[in-house]
Amino acid sequence: MRYLSIGTGTEISRIGLGTWQFGSREWGYGESYAGAQARAIVRRALELGVTLFDTAEIYGFGRSERILGEALGEDRESAFIATKILPVLPLAPVVEQRAVASARRLKTRRLDLYQVHQPNPVVRDGTIMRGMRTLQQVGLVGEVGVSNYSLDRWRAAEQALGSRVLSNQVRYSLVARAPERDQIPYAESADRVVIAYSPLGQGLLSGRYHRGSRPVNRVRAGNPLFLPENLERAAGLIDVLREVADAHGATPAQVALAWVIRSPAVVAIPGASSVEQLESNVAAASIELTGDQAQALSDASDRFRPITGPSALPRLVRARFGQGR
Ligand SMILES: NC(=O)c1ccc[n+]([C@@H]2O[C@H](COP(=O)([O-])OP(=O)(O)OC[C@H]3O[C@@H](n4cnc5c(N)ncnc54)[C@H](OP(=O)(O)O)[C@@H]3O)[C@@H](O)[C@H]2O)c1
């Protein structure tokens with residue numbers, strides 16, 4: 001495993017583990033996953049040197065935090081726990097109380113990274129950051145982070161906090177490139193971190209799904225990337241992933257992750273539906289892409305033009321109700 005050295009007590013692994021899947025109905029992995037498998041995934045991740053574990057109070061309405069806390073058990077000190085608050089009512093006392101509730105579910109006295117899950121569209125960050133500052137002062141929170149923030153709002157949050165907001169967790173992968181515009185350059189120049197979520201495009205970049213075999217759960221039924229037409233359009237990108245993967249004796253998913261973390265300021269938090277996937281994702285940390293390979297992947301990604309936005313909506317409805325396109 002490779003780690004970031006940016007002055008956090010426990011160093012952050014370049015590949016972490018996303019745990020939205022733990023106990024949340026929308027992924028549909030069922031009770032044996034939430035019970036035994038999720039625990040086995042966390043235990044194996046610890047063995048393999050993963051330190052970054054990402055969860056949120058909203059995942060499974062607290063269940064993901066509980067499963068993670070239980071699974072970490074006595075090894076909690078080896079982990080860098082990142083959780084998130086949904087800022088519905090972003091008042092300082094509310095933030096403080098919600099952090100305590102998250103810490104209790106996670107069985108910990110310290111949230112290593114406490115992230116604002118999404119920018120509140122109405123209320124600016126002064127009040128929430130006041131709560132965060134108090135939480136840092138009393139030691140319940142180590143680092144403050146944000147998620148789904150523009151660069152401007154990230155920097156405004158830092159001004160409001162009066163110190164670094166360590167990370168911005170954003171969607172970043174070969175099928176979601178927006179953070180390259182300014183968030184990643186900022187992280188690189190200011191010793192901040194971009195935490196890439198959905199780094200495998202929710203499984204699309206594994207190359208496992210195609211028109212005749214689409215995933216069925218609610219998360220992906222609502223994701224335009226998995227429209228039959230978009231799966232067809234992604235074929236060229238998957239072909240390039242396979243070519244590069246062959247050159248490394250790796251899988252397309254591993255190459256997709258290696259591409260995401262090619263910037264030293266980016267870490268990835270893939271979710272996993274099995275211990276085998278977790279093991280494969282961790283191994284991606286040691287794949288070094290050549291400049292030409294990274295460029296070929298970026299070019300293939302540029303050529304991928306999925307149907308998105310309003311024109312995807314009627315297609316999603318039709319696909320959901322079994323009428324193909
Ligand atoms: N901050 C936010 O707003 C936000 C939003 C979304 C996610 N997140 C965080 O980011 C984490 C990851 O994002 P995500 O779960 O949306 O997407 P992802 O990590 O891109 O995709 C995860 C899915 O890909 C498949 N997969 C994983 N490893 C694989 C491998 N080695 N080979 C083949 N398939 C593999 C699995 O699904 P199948 O096996 O079922 O195909 C798995 O559930 C979440 O758990 C969560 O912690 C945060």
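None of these values were measured; they are calculated from a predicted model. Both ligands and their constituent atoms are indexed starting at 1 by order of listing.
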Tell me: protein heavy atom nearest atom 33 (C) of ligand 1, and distance?
Ser206 CB, 3.4 Å

Output yes when Glu77 and Arg110 qualify as a salt bridge under the 4.0 Å nitrogen-oxygen rule, no when they do not.
yes

Please round to the nearest 0.5 Å and tell me the distance separating atom CG of Asn223 and atom OG of Ser198.
7.5 Å

Part of Ser274 within contact of ligand 1 (heavy atoms, under 4.0 Å):
neither

Side-chain donor-acceptor pair present, Thr51, Glu11, cut-off under 3.5 Å:
no

Among Phe53, Tyr59, Tyr29, which residue places a heavy atom closest to atom 8 (N) of ligand 1?
Tyr59

Nearest non-hydrogen protein atom to atom 32 (N) of ligand 1, with distance, is Ala253 CB, 3.8 Å

Please classify the Asn217 to ligand 1 contact at 4.0 Å (heavy-atom distances, strictly less than): side chain, backbone, both or neither.
neither

Ligand 1 atoms in contact with Ile269 (distance to a heavy atom under 4.0 Å)
9 (C), 10 (O), 11 (C), 12 (C)

What closest approach, in Å, do Ala283 and Gln254 show between heavy atoms, and which atom pair accounts for it?
CB-NE2, 3.6 Å

Report the part of Lys84 in contact with ligand 1, treating N, CA, C, O as backbone and CB onward as side chain, heavy atoms under 4.0 Å; options are side chain, backbone, both, neither.
side chain

Atom 20 (O) of ligand 1: closest protein heavy atom, distance to 0.1 Å, is Leu200 N, 2.8 Å

Give the numbers and elements of all ligand 1 atoms closer than 4.0 Å to a heavy atom of Asn281.
27 (C), 28 (N), 29 (C), 30 (C), 31 (N)

At a non-hydrogen distance cut-off of under 4.0 Å, which region of Glu279 contacts ligand 1 (side chain, backbone, both, or neither)?
neither

With heavy-atom distances below 4.0 Å as the criterion, list the atoms of ligand 1 near Trp20.
6 (C), 7 (C), 16 (O), 44 (C), 45 (O), 46 (C), 47 (O)

Polar contact flag, side-chain donor to acceptor under 3.5 angstrom, Glu57-Thr83:
no

What is the nearest protein non-hydrogen atom to atom 1 (N) of ligand 1, stated with its residue, atom name and distance?
Ser147 OG, 2.9 Å

If you compare all heavy atoms of Gln277 against all heavy atoms of Ser273, which two are closest, and at what distance to 0.1 Å?
OE1-N, 2.7 Å

Closest protein heavy atom (residue, atom, distance) for atom 10 (O) of ligand 1:
Tyr197 CB, 3.3 Å

When you measure from the side chain of Tyr114 to the backbone N and O of Leu140, does any donor-acceptor pair fall under 3.5 Å?
no

Carboxylate-amine/guanidinium contact Arg14 Glu288, below 4.0 Å:
no

Looking only at heavy atoms, what is the nearest atom pair of Val175 and Gly201, with distance?
CG2-CA, 4.0 Å

Suppose I only count heavy atoms of Tyr209 and a 4.0 Å limit; which atoms of ligand 1 are within that range?
38 (P), 40 (O), 41 (O)

Atoms in ligand 1 with a heavy atom of Arg208 nearer than 4.0 Å
38 (P), 39 (O), 41 (O)

May I ask you to identify, for Ser280, whether its side chain, its backbone, both or neither come under 4.0 Å of ligand 1 on a heavy-atom basis?
side chain

heavy-atom search around atom 3 (O) of ligand 1 in the protein gives Asn148 ND2, 3.0 Å

Could you check which of Gln254, His117, Gln277, Gln21 puts a non-hydrogen atom nearest to atom 15 (O) of ligand 1?
Gln21

Are any of the N/O atoms on Gly271, whether in the backbone or the side chain, positioned under 3.5 angstrom from an N/O atom of ligand 1?
yes

When rounded to the nearest 0.5 Å, the distance separating CH2 of Trp20 from CD1 of Ile269 is 11.0 Å

Go through ligand 1 atom by atom and flag the ones less than 4.0 Å from a non-hydrogen atom of Asp54.
9 (C), 46 (C), 47 (O)

Kindly confirm or rule out an N or O of Trp27 lying under 3.5 angstrom from an N or O of ligand 1.
no

Suppose we measure from atom 16 (O) of ligand 1 to each protein heavy atom; which comes out shortest, and what is that distance?
Ser198 OG, 2.8 Å

Do Glu158 and Arg155 sit within salt-bridge range, that is, some charged N less than 4.0 Å from a carboxylate O?
no

Do NZ/NE/NH1/NH2 and the carboxylate oxygens of Glu279 and Arg44 come within less than 4.0 Å?
yes

With heavy-atom distances below 4.0 Å as the criterion, list the atoms of ligand 1 near Gln202.
16 (O), 17 (O), 18 (P), 20 (O), 21 (O), 24 (O)

Salt bridge Glu65-Arg98, side-chain N to carboxylate O under 4.0 Å
no

For Ser274 against Gln37, the heavy-atom pair lying closest together:
CA-NE2, 4.2 Å

Taking only non-hydrogen atoms of Gly201, do any sit less than 4.0 angstrom from ligand 1?
yes

Counting heavy atoms not belonging to Glu70, are there more than 12 under 6.0 Å from its CD?
no

Using a strict cut-off of 4.0 Å, indicate which atoms of ligand 1 neighbour a heavy atom of Gln169.
1 (N), 2 (C), 4 (C), 8 (N), 9 (C), 48 (C)

Does Pro270 reach ligand 1 with a nitrogen or oxygen that is under 3.5 Å from one of the ligand's nitrogen or oxygen atoms?
no

